Structures are given as structure tokens and as C-alpha cells.
Amino acid sequence: MDGEKVEINRNYLAVNPIYDLQNRPIEISKPKENEISVLIPEKFQPYQEEIIQQLENDYQGSYNINKDEPVQVKPIFVRNNQNYFSFSPQVAVQNNYQIEDPIAVVINYKFDPLILTNSISMGVGFYTKNGNNEFPLQNTQNLIDKYSFTDTWEPVSVAYAQVEDKVTRNKEQLSIISIYCSIYFVLVITLLFFSAIYYLEANKQILALQWIFGYSFFEKHYLVYLFLLVFWNIIFVISFFVSYNISIILPIVLLFAILDFILISFFILLKELQVTKDIIKDK
């Protein structure tokens, strides 16, 4: 988290003290017009000019968004290795919500309301807790109107929109996957059907003799099932080395293998008798 920028206010320093180079807790005086106080770790002191220039560009017009007036950055150097608690479950999760040695910009109440509210909400707004209300969005709008925040805050059903968008995208993906699966299934059945016909035609004389001598179905076609068994074993091994998740791969491979056995058996049974009778008639 080294070298990040955070935004805090004067009250934050009361609950998360930051110490200056003399080991005294930082106290921020009331802001002057167009001045911004910035807490900079001592290790960034060689880059003071670059930091100030960048912050002056970033915060230009912060006191009045319509005038776009320049601001004056007041640097305050602090000790290294100090942490800022994020107070957010989404920020600095991997570091126990502690941000180490950031450049801290102290915002204040004189900022333009639009910029101030964006800083307070960290750019993502706030989620209201009126979901039990029959009309939650309208209820939020009424509260904003009541306290005259209409120029600053605007209610947006972000959570609902995100859910709806996700549901829509999932439905579209499911439809596309279903179409591809249907096409794949038809192609597989077609391939198996013609494979069974080719196999029967290629071995019709041997199969006719075996039928005459009373060979069982499995005795006549065990090589087909042996080939399928080897094929699906190879598929299983390849899939396992790709994903290493046997609990998912094994049921899927077994399902497709069983389906393959059933379909090839059905097609052989469907055409074998006719092919055998034809070869006997020819003889």
C-alpha cells in the first residue's frame, strides 16, 4: 500500500492520530481560502515539488467547481511507517484495512459541495437502508428534498440496476450456451449415427457370420466399447491435468461416456439386423 493517496478530514485525526517529525500529534487549523493541507511521509520529502504540483493540478477548483481557481497546497511532513485505518470493507483488505504511509489530503467543509460529497462517499455514493419501504427510491428522493440536498445528491437505483443487468447478461449467456449445446448435441448424434453405419458396413460379413453362430451382442461389438472406453479415459486424463478438479470432471466425463455408450448401442441395434439380413440375402 506504499505511496497511495487518501483523503481525510480534521475529525479523522482525532480517532486515528498521525504524528509529525517531532513526534507530536498533527492538528489542522481552520482552513484558509483556497488552501489545502497535505500530510506527506518524510520519505517523500525529496519529491516535495512534484507532489505539490500534482496536487495543485488535481484539486484546482475544489473550492468552487464553476470558477476553477488554483489552490495552494500546504505540506506537513510526518513520520514514516504510520497507518491510516480505511474504515471501509473494500479498501486495504489484505493489510487489515490499514493503509501505510499514504499522502493524506485534508479536505474541509469549504470545498464545493459536489466535490466534498464525492470525497466523503469515496466516489461510489452511499447505499440507503430503506429496502423495507414500499417505494425505496421515492422515499430516498423525498428525504433529499426535505433536507435541501437536491443540488448535491441524486438517488440512483444502482444496486437494482446492477442486479438486473447481471440477470440479463446471465440469461443471454445461458441462451447462447444452450444454442451451442443443442448444435453440439445434434452433431454428436449425427456423427455417432454415421460412425455406426460405417462400422457395420465395414464389418458386415464378419458380423453376419457371428450372428449365424450365435454370438452375443457384446461378443460381436466389444472392440467398439473398448475403443470408447479408451477414448473417454484419455479425455478424463487430459481434462484432469488441465483443471485438477476431479470432483467436477469425473461426473461430467462419466455422464458423456454413458450417453455415448447408450447412443452407439442404440444405433448399432437399429441398423445391425437390417445389414445382416441384407448380407445373408446377397449370399
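Heavy atoms only: backbone and side chains are in, while hydrogens, waters and symmetry mates are out. Remember, it's a predicted structure, so these values are computed and weren't measured experimentally.
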| query | Which atom names give the shortest non-hydrogen contact between Pro41 and Asp101, and what distance separates them? | reply |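 Shortest heavy-atom contact: CG-O, 3.7 Å.
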So which atom in Val106 and which in Arg10 form the shortest heavy-atom distance, rounded to 0.1 Å?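 Where Val106 meets Arg10 most closely, the heavy atoms are CG1-N, 4.2 Å.
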Supply the atom-to-atom distance [X] [atom1] to [Y] [atom2], rounded to the nearest 0.5 angstrom.
{"X": "Ile268", "Y": "Ile197", "atom1": "CD1", "atom2": "CD1", "value": "11.0 Å"}
{"X": "Lys171", "Y": "Ser178", "atom1": "NZ", "atom2": "OG", "value": "13.0 Å"}
{"X": "Ile52", "Y": "Ile103", "atom1": "CD1", "atom2": "CD1", "value": "10.5 Å"}
{"X": "Ile26", "Y": "Asn16", "atom1": "CD1", "atom2": "CG", "value": "12.5 Å"}
{"X": "Glu42", "Y": "Gln82", "atom1": "CD", "atom2": "CD", "value": "10.5 Å"}
{"X": "Phe87", "Y": "Ile8", "atom1": "CZ", "atom2": "CD1", "value": "11.0 Å"}

Check whether any side-chain heavy atom of [X] lies under 4.5 Å from a side-chain heavy atom of [Y], and answer yes or no.
{"X": "Leu39", "Y": "Ile28", "answer": "yes"}
{"X": "Leu254", "Y": "Leu250", "answer": "yes"}
{"X": "Lys5", "Y": "Val105", "answer": "yes"}
{"X": "Val38", "Y": "Ile76", "answer": "no"}
{"X": "Ile51", "Y": "Ile40", "answer": "yes"}
{"X": "Asn81", "Y": "Glu100", "answer": "yes"}
{"X": "Pro75", "Y": "Gln48", "answer": "yes"}

Find out if a path of hydrophobic residues (ILVMFWY) with successive side-chain heavy-atom gaps under 4.5 Å connects [X] to [Y].
{"X": "Tyr225", "Y": "Ile262", "result": "no"}
{"X": "Phe261", "Y": "Leu223", "result": "yes"}
{"X": "Leu269", "Y": "Ile206", "result": "no"}
{"X": "Ile235", "Y": "Ile258", "result": "no"}
{"X": "Val93", "Y": "Phe85", "result": "yes"}

Side chain to side chain contact (heavy atoms under 4.5 Å, CB included) partners of [X], counting only residues at least two apart:
{"X": "Ala257", "result": "Trp232"}
{"X": "Gln53", "result": "Asn57"}
{"X": "Phe241", "result": "Val237, Tyr244"}
{"X": "Ile234", "result": "Val230, Ile238"}

If the condition is ring-ring contact (aromatic ring centres under 6.0 Å, His included), which residues does [X] pass it with, not counting sequence neighbours?
{"X": "Phe217", "answer": "His221"}
{"X": "Tyr215", "answer": "none"}
{"X": "Tyr222", "answer": "none"}

**Asked** Can you find a side-chain donor-acceptor pair between Tyr59 and Gln72 that sits under 3.5 Å?
**Response**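 Judged by distance alone, the side chains do not pair up.
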Other residues, nucleotides and ligands only: do more than 12 of their heavy atoms fall within 6.0 Å of CD on Glu27?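 Atom CD in Glu27 is not packed in, count stays at 12 or less.
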request  = Take the angle between the ring planes of Tyr84 and Tyr12 and call it parallel below 30°, perpendicular above 60°, tilted in between.
outcome  =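 The arrangement is parallel - the two ring planes meet at less than 30°.
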Pairs where residues 225-238 contributes a residue and the test salt bridge (Lys or Arg N to Asp or Glu O under 4.0 Å) is met, not counting sequence neighbours
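Sorted pair list comes back empty.
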Can you pull out every salt bridge (Lys or Arg N to Asp or Glu O under 4.0 Å) where at least one residue sits in residues 218-227? Sequence neighbours excluded, please.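 Only Lys220-Glu272 qualify under salt bridge (Lys or Arg N to Asp or Glu O under 4.0 Å).
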Could you pull out every donor-acceptor pair under 3.5 Å between side chains of residues 17-25 and any protein atom, sequence neighbours left out?
residue, atom, partner, partner atom, Å
Asp20, OD1, Gln22, N, 2.9
Asp20, OD1, Asn23, N, 3.0
Asp20, OD1, Arg24, N, 2.8
Asp20, OD2, Arg24, NE, 3.3
Gln22, OE1, Arg24, NH2, 3.4
Asn23, OD1, Arg79, NH1, 2.3

*With sequence neighbours excluded, what pairs up with Gln54 under the side chain to side chain donor-acceptor pair (under 3.5 Å) test?*
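Gln54 satisfies side chain to side chain donor-acceptor pair (under 3.5 Å) with Asp58 only.
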message: Whether the side chain of Asn80 engages the backbone of Lys43 through a donor-acceptor N/O pair (distance < 3.5 Å, no angle test) should be reported.
response: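 At least one qualifying donor-acceptor pair exists.
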- Query: Quick one: does Asn9's side chain have a donor or acceptor within less than 3.5 Å of a partner on Asn11's backbone?
  - Reply: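 Between the backbone of Asn11 and the side chain of Asn9 there is a qualifying donor-acceptor contact (under 3.5 Å).
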Distance-only donor-acceptor pairs under 3.5 Å for side chains of residues 183-194, two or more places apart:
residue, atom, partner, partner atom, Å
Thr190, OG1, Val186, O, 2.8

